[in-house]
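Below, read A as the first sequence line, B as the second, and so on, with proteins coming before strands; counting in each chain starts at 1.
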Number of protein chains: 2
Amino acid sequence: MRGDVMARKPASDRVLDAAVSAFSELGFHGTSTREIASRAGMSPAAVYTHFSSKEELLFEIARRGNERFLALLHRAAAQGVTPPERLASIVYEFALFHARGHIGARVVNYELPALTTEHAQEIKALRRQMVDVVRSVIEAGLQTGEFDTPDPSMTCVAVMTMGQDVARWYREDGRWAPEEIAAHYRGLVLRMLDAKL
Amino acid sequence: MRGDVMARKPASDRVLDAAVSAFSELGFHGTSTREIASRAGMSPAAVYTHFSSKEELLFEIARRGNERFLALLHRAAAQGVTPPERLASIVYEFALFHARGHIGARVVNYELPALTTEHAQEIKALRRQMVDVVRSVIEAGLQTGEFDTPDPSMTCVAVMTMGQDVARWYREDGRWAPEEIAAHYRGLVLRMLDAKL
DNA sequence: GTCTATATATTGATAGAC
DNA sequence: GTCTATCAATATATAGAC
């Protein structure tokens, strides 16, 4: 990897990128392996030298994507001292990423039912960890009295699905910039929890 | 239609029901017309005497479903006098319906990208009307000073997608009853808007 | 790493009998 | 309103050469 400015990506990454854009646009079942090959600029057969099946390709995308989400949540939760500060950071970064990365996030959040049961369980484990990060911050705030909500688990679900849903309705040519959405959602969530700042 | 207790549904309705359950479970592109026929208890060919194509079947489901949603929103908005009362009713009924009718709601909300452009536009028109019902209530509350939010349009989007998302995460064997979810979401939304009750 | 060619299954939809 | 039989297209995936 000499520091070439135009360094070409490995072929397997080009396949991955092609699959993300196709799955996001057409859905997993709506995408043919020919379509992926075409977007990656190679023959249908070449795809199979990098991934053993279409489902395996989705699994790899889902695994990497959800690991990035989990890391982002950990990083965001560490930004701030009090629970309201931590949650504000979480919601802002989570929504921001779902807007900016809406194409990939749609696949990572909404195409999971197409995974095999084994692969789905591995992804579910990651997603449980994501929920745990958010819930622990909410519960910390309830302990200190800086948050108030009757059912923290359900509130946690609402907060996370709100953020994920940004990827579904966000449009690049829409009226809101990712930062505006992130800031607005941060405010909505802090109010949902009656946060004392 | 003699008032038989066990009156059998028309065959076209059986096809519709079969398609809803299959599309909800497997997605539009993940469902074959043979699968629909099998669930409806008939041969693959029999499906085509009632609907001219698989996409037409989805369109009919989407049209009926979104018309029901629109009617529900109008009905709910009429329940109450002040904007906070109206919005409370809207959020409660909307979330309740998305939990109880989660199977159909998943199709009606999430399979729309599979529609032809013409059909998609017809459904979009219905969905714009749905948004208008909710936004007008939010804006009425801002006028009276009973609501407060910096960007009512984005708040409206957040409120509606929260409700729709219930259909995606709700599980019949989960820990929450539809009524509990509806009541909790009502509280969350009223706080999001800083409602003065 | 990539190709052409192809095996094999499944797809959406139709023909024509009853 | 439903069936059996079937068409034509497309699907995923593999074989074997370079």
Margin query: For a quick check, with a 4.0 angstrom heavy-atom cut-off, what is the B/S/- contact string for nucleotides 8-18 of chain D, read 5' to 3'?
Written below: ---BBBBB---
Notebook entry, point to check: What is the distance from CZ of B:Phe51 to P of C:dG12, rounded to the nearest Å?
Noted result: 16 Å
Next item on the list: In whole angstrom, give the distance that lies between atom CD1 of B:Ile36 and atom P of C:dT11.
Entry: 11 Å
Notebook entry, point to check: Got a sec, which pairs hit side-chain hydrogen bond (donor to acceptor under 3.5 Å, both in side chains) with one end in residues 72-86 of chain A, sequence neighbours left out?
Noted result: none
Counting distance only, does the side-chain N/O of [X] pair as donor-acceptor with the main-chain N or O of [Y] below 3.5 Å?
X: B:Asp13; Y: B:Lys9; value: no
X: A:Lys124; Y: A:His119; value: no
X: A:Glu146; Y: A:Gly141; value: no

Check: Any chance the rings of A:Phe69 and A:His98 have centres within less than 6.0 Å?
Finding: yes
